Amino acid sequence: MQERFIVGLGEALWDCLPDGSKLGGAPANFAYHVHQFGFDAMAISALGNDILGDETRKQLNEKGLNYIMPLVDYPTGTVQVTLDDEGVPTYDIKENVAWDNIPFNSEIESVAKNARAVCFGSLAQRNSVSRTTIHRFLEATPKDCLKIFDINLRQNFYTKEIIQDAIASCDILKINDEELITLGRLFGYSGLDIENKCWLILGKYNLKMLVLTCGVNGSYVFAPATKSFQETPSVEVADTVGAGDSFTSTFCSAILAGKSIKQAHKLAVEVSAYVCTQNGAMPQLPKKFTRQLREK
């Protein structure tokens, strides 16, 4: 019986922060936290044949994370990150890099056919090569695979068509309040309030769940006939890099572990608040969080 992986699919890159470079990229962050919760996790991307590519493999090996990251003739991805006084990042994402050119090979197809869940975003779809790979991966997954679209709009690297196709392909949409405003503009929902926009998207695309994060103003999970709201804990923020990915991975892990939406939501909020108190996107999680997932 082949292992059933929970997959983070898309960009693998280095966040060049004021205090040095740290390995990041939403799919790798997602897979790393899923791995910390004890699931078989897999990060899928592409790397350059360069020093950063070597360092990526070294760090993923040290973290014990499974990955498929073929070498391609492009440099390993980098992002210049600047932080404001509140630790909130802005990104300058380099183009024509390795993760723009993820090839769909037999190894990746084999993982797709056995995927238990997959998380993907909009950023890795800015180039047609990786976009095609993501679509082929999603098409190859089994019927019971949980597909999460963590929209992650960055700069101008998205189109209405890419977003519509991705939402139509997923079971769970994760979005923040600013991204919801952008979607409202693109889809012509501008006149609706936040909650009505979410209910409309949930119904129109027949989603299992829509997760909306609103920064310090809390977060929501909408599902047919269900709404969950959680306050955002007040913490001393080091930086918010990767906090959203830790939320998504915790929520997905908890749902797959059989937790209710409210239980999964509460744990996701607690974990992402903790990640905000740490530097970088991949801190080690305290055992209290991983224990909660296993509690009946």
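Only a predicted model underlies this, so the values are computations on that prediction, with no experimental measurement involved.
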Tell me whether [X] contacts the main-chain N or O of [Y] through its side chain, where contact means a donor paired with an acceptor under 3.5 Å.
X      : Y      : answer
Ser130 : Ile102 : yes
Lys262 : Lys227 : yes
Gln36  : Pro283 : yes
Ser45  : Ala12  : yes
Ser219 : Gly215 : no
Asn66  : Met42  : no
Asn206 : Leu202 : no
Thr277 : Tyr274 : yes
Glu11  : Leu123 : no
Glu179 : Asn176 : yes

For [X] and [Y], take the angle between the two ring planes, folded into 0 to 90°, and tell me which bin it lands in: parallel under 30, tilted 30 to 60, perpendicular over 60.
X      : Y      : value
His265 : Phe251 : perpendicular
Tyr220 : Phe229 : tilted
Phe187 : Tyr189 : perpendicular

Between Phe149 and Phe120, does the ring pair (Phe, Tyr, Trp, His ring centres under 6.0 Å) criterion hold? Intermediate values first, please. CA-CA 5 Å; Phe149 179 40; Phe120 64 103; 5.2 Å; yes
For Tyr32, does the six-membered ring have the charged nitrogen or CZ of Lys63 within the cation-pi criterion, i.e. under 6.0 angstrom from the centroid and within 45° of the normal?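 Yes, Lys63 and Tyr32 form such a contact.
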Beyond-backbone contact of Leu210 with Tyr205, side-chain heavy atoms, under 4.5 angstrom: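 With C-beta onward as the side chain, the pair stays apart.
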Note, Asp100 side chain near Arg126 side chain (heavy atom, < 4.5 Å):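 Yes - at least one pair of side-chain heavy atoms lies under 4.5 Å apart.
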Can a donor-acceptor pair be found between the side chains of [X] and [Y] at a distance below 3.5 Å?
X      : Y      : answer
Tyr91  : Asp15  : no
Asn152 : Ser122 : no
Gln263 : Ser260 : yes
Asn29  : Asp245 : yes
Thr76  : Trp99  : no

[X] [atom1]: over 12 foreign heavy atoms closer than 6.0 Å:
X      : atom1 : result
Asn49  : CG    : no
Asp84  : CG    : yes
Gln284 : CD    : no
Glu178 : CD    : no

Mind running side-chain hydrogen bond (donor to acceptor under 3.5 Å, both in side chains) on Ser246 and Ser272 for me, showing each step along the way? CA-CA 5 Å; Ser246 71; Ser272 62; 5.0 Å; no
Fellow cluster residues of Tyr74, listed by chain then number, with links counted only when side-chain atoms sit under 4.5 Å apart: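 Val72, all in the cluster of Tyr74.
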Grab the two heavy atoms, one from [X] and one from [Y], that are nearest each other, plus how far apart they are.
X      : Y      : value
Ala254 : Leu293 : CA-CD1, 3.3 Å
Ala273 : Val235 : O-CG2, 3.7 Å
Leu65  : Ala28  : CD2-O, 4.1 Å
Phe104 : Phe137 : CE1-N, 3.6 Å

Among Lys94, Gln59, Gln80, find the residue that satisfies the side chain to side chain contact (heavy atoms under 4.5 Å, CB included) test when tested with Trp14.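 By the side chain to side chain contact (heavy atoms under 4.5 Å, CB included) criterion, Trp14 pairs with just one of Lys94, Gln59, Gln80: Gln59.
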Identify, with sequence neighbours excluded, every residue that meets side-chain contact (heavy atoms from CB on, under 4.5 Å) alongside Asp165.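 If we apply the side-chain contact (heavy atoms from CB on, under 4.5 Å) test to Asp165, skipping adjacent residues, the hits are His135.
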Same cluster (ILVMFWY, side-chain, under 4.5 Å), Leu267 and Ile148: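 The answer is yes; both residues are in one hydrophobic cluster.
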Ion pair Lys288/Glu270, N-O distance below 4.0 Å: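 No.
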Quick one: do Arg4 and Asp40 make a salt bridge, cutoff under 4.0 Å?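 No, this pair does not count.
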